[in-house]
Amino acid sequence: MSLDDIDKPLSKEDETAQTKNGFLALVSKLVFEDKLPVRFMYKTVPAHLNDTGWRMFTGYETPEFLEDEVTNLLPVDVEKMTSLDPSLANLVEYNAGTVWERVPESEGWERVYDFKIPADRVEVEITNDVDEFKH
């Protein structure tokens, strides 16, 4: 894939397992509870086999809201999201590292290049002491 193709969805030849596998997105519960549209979304590397890596938000989530992922982000079938909002259908074809937003009163989605996709925090203990290794 060339740099000219960076703003295009992946072709079948360019797809990877992270695009093909999975069917779920994590979606802000504000989309369903407050009936707000998705206005910001990004694709990270999927966390498990059912995950597409897509994270979808309304833009009204606070940092405190986002800290409680288990309560505030719902696993939702991507097909359901594209049926609720057909403008998402072409966007979900893009691969990890893609970020999109649509501002209120705008004509459509715009690609975002200056957002740093959050990485999962992983705690790792490093030791050279053989007796401290856990079995």
Donor-acceptor pairs are to be reported for all side-chain atoms of residues 32-40 against protein atoms at under 3.5 Å, with residues two or more places apart or in another chain.
from: Lys35; atom 1: NZ; to: Phe32; atom 2: O; distance (Å): 3.2

Give the table of side-chain donor-acceptor pairs shorter than 3.5 Å for residues 73-83, with sequence neighbours excluded, one pair per line with atom names and distance.
from: Asp77; atom 1: OD1; to: Glu79; atom 2: N; distance (Å): 2.7
from: Thr82; atom 1: OG1; to: Val78; atom 2: O; distance (Å): 3.4
from: Thr82; atom 1: OG1; to: Glu79; atom 2: O; distance (Å): 3.0
from: Ser83; atom 1: OG; to: Glu79; atom 2: O; distance (Å): 3.4
from: Ser83; atom 1: OG; to: Lys80; atom 2: O; distance (Å): 2.8

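Residues passing the side-chain contact (heavy atoms from CB on, under 4.5 Å) test with Glu61 are Ser28, Leu30, Phe57, Thr58, Phe65, Leu66, sequence neighbours excluded. A search for salt bridge (Lys or Arg N to Asp or Glu O under 4.0 Å) contacts involving Arg102 returns Asp85, not counting sequence neighbours. Looking at residues two or more places apart in sequence or on another chain, you find a side-chain contact (heavy atoms from CB on, under 4.5 Å) between Pro118 and Tyr42, Phe115. Scanning for side chain to side chain donor-acceptor pair (under 3.5 Å) contacts around Asp68 gives Thr71, with sequence neighbours left out.
Using a 4.5 Å cut-off on side-chain heavy atoms (C-beta onward), Phe23 and Asp51 make no contact. Looking at Leu26 and Met56, their side chains never come closer than 4.5 Å, going by heavy atoms from C-beta outward. Residues Lys43 and Val99 fail the side-chain proximity criterion, which asks for heavy atoms closer than 4.5 Å. Side-chain contact check for Trp100 versus Val112: every heavy-atom pair is 4.5 Å or farther apart.
Thr44 contributes atom OG1, which lies 10.5 Å from atom CH2 of Trp54 (distance to the nearest 0.5 angstrom). Separation of atoms CE (Met41) and CG (Leu88) is listed at 5.0 Å; rounding is to 0.5 Å.
Taking hydrophobic clusters as Ile, Leu, Val, Met, Phe, Trp and Tyr residues chained together by side-chain heavy-atom distances below 4.5 Å, Leu84 shares a cluster with Val92.
Nearest approach of Ala96 to Val45, heavy atoms of both residues: CB-N, 4.1 Å. In terms of heavy-atom proximity, Tyr94 sits nearest to Arg111 at CE2-NH1, 4.3 Å.
Think of Val103 as one node in a network of Ile, Leu, Val, Met, Phe, Trp and Tyr side chains linked at under 4.5 Å; it has no links at all.
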